[in-house]
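Heads up, the thing below is written out as structure tokens.
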Amino acid sequence: MADEAKGKGNAAFSAGNYAEAVRHFTEAISLAPTNHVLYSNRSAAYASLGNYSDALIDAQKTVELKPDWSKGYSRLGAAHLGLHSYDEAVAAYRKGLDVDPNNEALKSGLADAQSAQARSRGPSSSSPFGDAFSGPEMWARLTSDPTTRAYLQQPDFVKMMQDVQKNPNNLNLYLKDQRVMQAFGVLLGVKLQTRTPEDDAEMPEASPERKRPADSEPAKGKRPEPTPQPEPEPEPMEVSGEEKDIKEKKAQAQKEKEAGNAAYKKKDFETAIQHYSKALELDDEDISFLTNRAAVYLEMGKYEECIKDCDKAVERGRELRSDFKMIARALTRKGTALVKMAKCSKDFEPAIETFQKALTEHRNPDTLKKLNEAEKAKKDLEQQESFDPQVADEEREKGNQFFKEQKYPEAVKHYSESIRRNPKDPRAYSNRAASYTKLGALPEGLKDAEKCIELDPTFAKGYTRKGAVQFFMKEYEKALETYQEGLKHDPQNPELLDGVKRCVEQINKATRGDLTPEELKERQAKAMQDPEIQNILTDPVMRQVLVDFQENPKAAQEHMKNPLVMNKIQKLVSAGIVQVR
């Protein structure tokens, strides 16, 4: 259960849904409160939301649970940075490096913390927009914006932003890169006119030559340093005719790609294909030409051609050691084409395998979503193909026969087949719940009984099955509520009435103090795991009520007039937590 909640939290975090991620990690922590990884993950989610106080608490808990785990100190340092506690951040990163001296993330974090520490103690930045790039706030703002969040998965963009963060004057080096301009606008809170590349029309990466940053003005009261003379530019190297020809072809290929992108946006697919094909003839070392052409084929419904281009892109990309994200994109596009084809072939497995391969290259939220959709489509198709109410009834009858013979594993097998053939029949769930109960598989029995009630809330058997499971689990209060809910639909049902009677007897045993020490200890231990009992015991009002019942008879009499209070007291008595004298 904790792993399932953790998986949901990781998926939400990858998709940028940080509040949802916090919720799932919190659920996982409630199920596994000593798992240090869960606190680390929730700390990261809190930090992404800008909630550094809670991020710090979780980071401290991570380090407490696993002091020899370097990532805990990385979380701790990031939280301190977010709270502007620079000395503490530096200390956290250094302690982490004591544990793992070669950890690059800790080294980078320490450098950021020391830079922030120096800025907080020294004069203010001479850059008019230096504060926009300071500390973890910069990354939080970039993460909160959908466009720049996508850029953070591109290593060259992250490297440029890290360079600007260390020295804001270096922004001048990267202003030609549209992504940096977009990020600059987000950080300043203004909308700049930038060109955003389409998903299916990758734009060439900017690789500006580094320039010497402009010298800042000297601080007041200090002698200005002499302005260093620029170093002479080296003589340009001679370029051979062959190299010049290759360079010109690559430039022409990019122009063809841009023309293809423009045609694609206009849905002039034939023209787009011509341009991308020409680009490939000019330069076969850029697999984006193949993935873009594959996107066009996908739009045209030419799925075989799309798949061929994607396979070529993957093969060529591995030869060229292309960016793993580009290879993942080709695989995702191929998977999308296979899904389209599966609507006719009824075979979703190739698409699922392709999406899984794409995720091993790069864990992209969009690819993960496509994988989940393909798996659901496969499951729905299997249910449609296996749906046969007549066979379902036959299998259920076979299960009934084995149940009468007390062959419960065989009964479960046939009831499961009945459910597969007709998943909307509550009777099969009810019968399988009874078999699970006989086998002692109480959680499975409870799940089937609840599914039975979900399918038909008026079906009395569902309530008798659920109540029986809860009774065997010694959750007498819950079982009583289940039986009483069933009686609303079938007031004279003998099984439900008998269930109520048995539950009342067990509850009254605690009220009369008739429980043996072993029974009392067992009931108390089970009750302390119940969230409802925990809430009652931690409620300040109820704690005062319990004190009044012991020390203030007059106040206790007033409390007894409140039905809500008495209901909670009764639950504590039934659980063996409170003794009646």
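Heavy atoms only: backbone and side chains are in, while hydrogens, waters and symmetry mates are out. Quick caveat, the model's predicted, so the values are computed rather than measured.
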Taking atom types as modelled, find out whether [X] and [Y] have a side-chain donor-acceptor pair closer than 3.5 angstrom.
X      : Y      : result
Thr367 : Thr332 : yes
Asp286 : Gln254 : yes
Asn10  : Asn41  : yes

task = I would like to know whether Cys310 and Leu290 meet side chain to side chain contact (heavy atoms under 4.5 Å, CB included); could you show each step before the answer?
result = CA-CA 7 Å; Cys310 290; Leu290 282 166; over 6 Å; no
Using 0.5 Å steps for rounding, measure from the [atom1] atom of [X] to the [atom2] atom of [Y].
X      : Y      : atom1 : atom2 : result
Glu315 : Leu320 : CD    : CG    : 10.5 Å
Glu285 : Leu280 : CD    : CG    : 12.0 Å
Lys369 : Asn364 : NZ    : CG    : 11.5 Å
Cys344 : Lys346 : SG    : NZ    : 7.5 Å
Ile29  : Thr34  : CD1   : OG1   : 11.0 Å
Leu76  : Ser85  : CG    : OG    : 10.0 Å

ask   = Just wondering, are more than 12 heavy atoms of other shown residues or ligands nearer than 6.0 Å to CD in Glu319?
value =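 Atom CD in Glu319 is crowded, with more than 12 foreign heavy atoms closer than 6.0 Å.
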message = Heavy-atom count check: over 12 atoms from other residues, nucleotides or ligands less than 6.0 Å from Glu349 CD?
response = yes
inquiry  = Taking side chain to side chain donor-acceptor pair (under 3.5 Å) as the cut-off, I'd like each qualifying pair that reaches into residues 98-111, sequence neighbours left out, listed once.
reply    =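 Listed by first then second residue: Ser70-Asn103, Asp100-Asn103.
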How about [X] and [Y]: do any of their side-chain heavy atoms sit closer than 4.5 Å?
X      : Y      : result
Glu256 : Gln274 : no
Arg94  : Gln114 : yes
Asn422 : Asp388 : no
Ser277 : Arg293 : yes
Val339 : Lys370 : no
Tyr297 : Ile273 : yes
Tyr264 : Glu299 : yes
Asp112 : Gln162 : no

message = As a quick check of understanding, evaluate ring pair (Phe, Tyr, Trp, His ring centres under 6.0 Å) for Phe13 and Tyr18, giving each step before the final call.
response = CA-CA 5 Å; Phe13 188 92; Tyr18 304 118; 5.2 Å; yes
Any salt bridge linking [X] with [Y]? Criterion: basic side-chain nitrogen under 4.0 Å from a carboxylate oxygen.
X      : Y      : answer
Arg75  : Asp58  : no
Lys66  : Asp68  : yes
Lys250 : Asp283 : yes
Glu64  : Lys61  : yes
Glu258 : Lys255 : no
Lys8   : Glu27  : no

Which pair of heavy atoms, one from [X] and one from [Y], lies closest together, and at what distance?
X      : Y      : value
Gly335 : Thr354 : N-CG2, 3.7 Å
Ser345 : Ala342 : OG-CA, 3.2 Å
Val296 : Ala272 : CG2-CB, 4.1 Å
Ala113 : Ala89  : CB-CB, 4.0 Å
Ile287 : Gly317 : CG2-N, 3.8 Å
Ala183 : Leu142 : CB-CD2, 3.6 Å

key: Audit row: Arg420, Glu417, salt bridge (charged side-chain N to carboxylate O under 4.0 Å, His left out) steps and yes/no   = CA-CA 5 Å; Arg420 191 177 77 84; Glu417 180 62 20; 3.1 Å; yes
Between the side chain of [X] and the main-chain N/O of [Y], is any donor-acceptor distance below 3.5 Å?
X      : Y      : value
Arg421 : Ser386 : yes
Tyr39  : Ile57  : no
Arg333 : Ala294 : no

inquiry  = One pair to check against side-chain hydrogen bond (donor to acceptor under 3.5 Å, both in side chains): Asn292 and Asn261. What are the steps and the verdict?
reply    = CA-CA 8 Å; Asn292 281 17; Asn261 293 346; 3.2 Å; yes
query = Taking Glu361 as the fixed residue, which of Val314, Ile327, Asp323 is the one that meets the side chain to side chain contact (heavy atoms under 4.5 Å, CB included) rule?
reply = Ile327
task = Carefully, step by step, assess Val99 and Lys95 under the rule side chain to side chain contact (heavy atoms under 4.5 Å, CB included).
result = CA-CA 7 Å; Val99 175; Lys95 195 164 184 179; 5.5 Å; no
ask   = Going through the distances and angles, do Thr62 and Lys71 end up as a side chain to side chain contact (heavy atoms under 4.5 Å, CB included)?
value = CA-CA 9 Å; Thr62 304; Lys71 184 171 284 188; over 6 Å; no
task = Please report the C-alpha distance between Gln356 and Glu375 in whole Å, then the side-chain angles of each, then the deciding distance to 0.1 Å, and finally whether the side chain to side chain contact (heavy atoms under 4.5 Å, CB included) criterion is met.
result = CA-CA 11 Å; Gln356 289 171 338; Glu375 289 176 335; 4.1 Å; yes
ask   = Does the salt bridge (charged side-chain N to carboxylate O under 4.0 Å, His left out) test come out yes or no for Asp156 and Arg179, once each step is laid out?
value = CA-CA 11 Å; Asp156 65 319; Arg179 297 168 299 169; 2.7 Å; yes
key: Plane angle bin for Trp69 and His36 - parallel if under 30°, tilted between 30 and 60°, otherwise perpendicular   =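 Aromatic pair His36/Trp69 classed perpendicular.
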message = Taking ring pair (Phe, Tyr, Trp, His ring centres under 6.0 Å) as the definition, give me every residue that meets it alongside Tyr303, ordered by chain and number, with sequence neighbours left out.
response = none
inquiry  = Between Phe289 and Tyr276, is the ring centroid distance below 6.0 Å?
reply    =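 No; Tyr276 has its ring centre 6.0 Å or more from that of Phe289.
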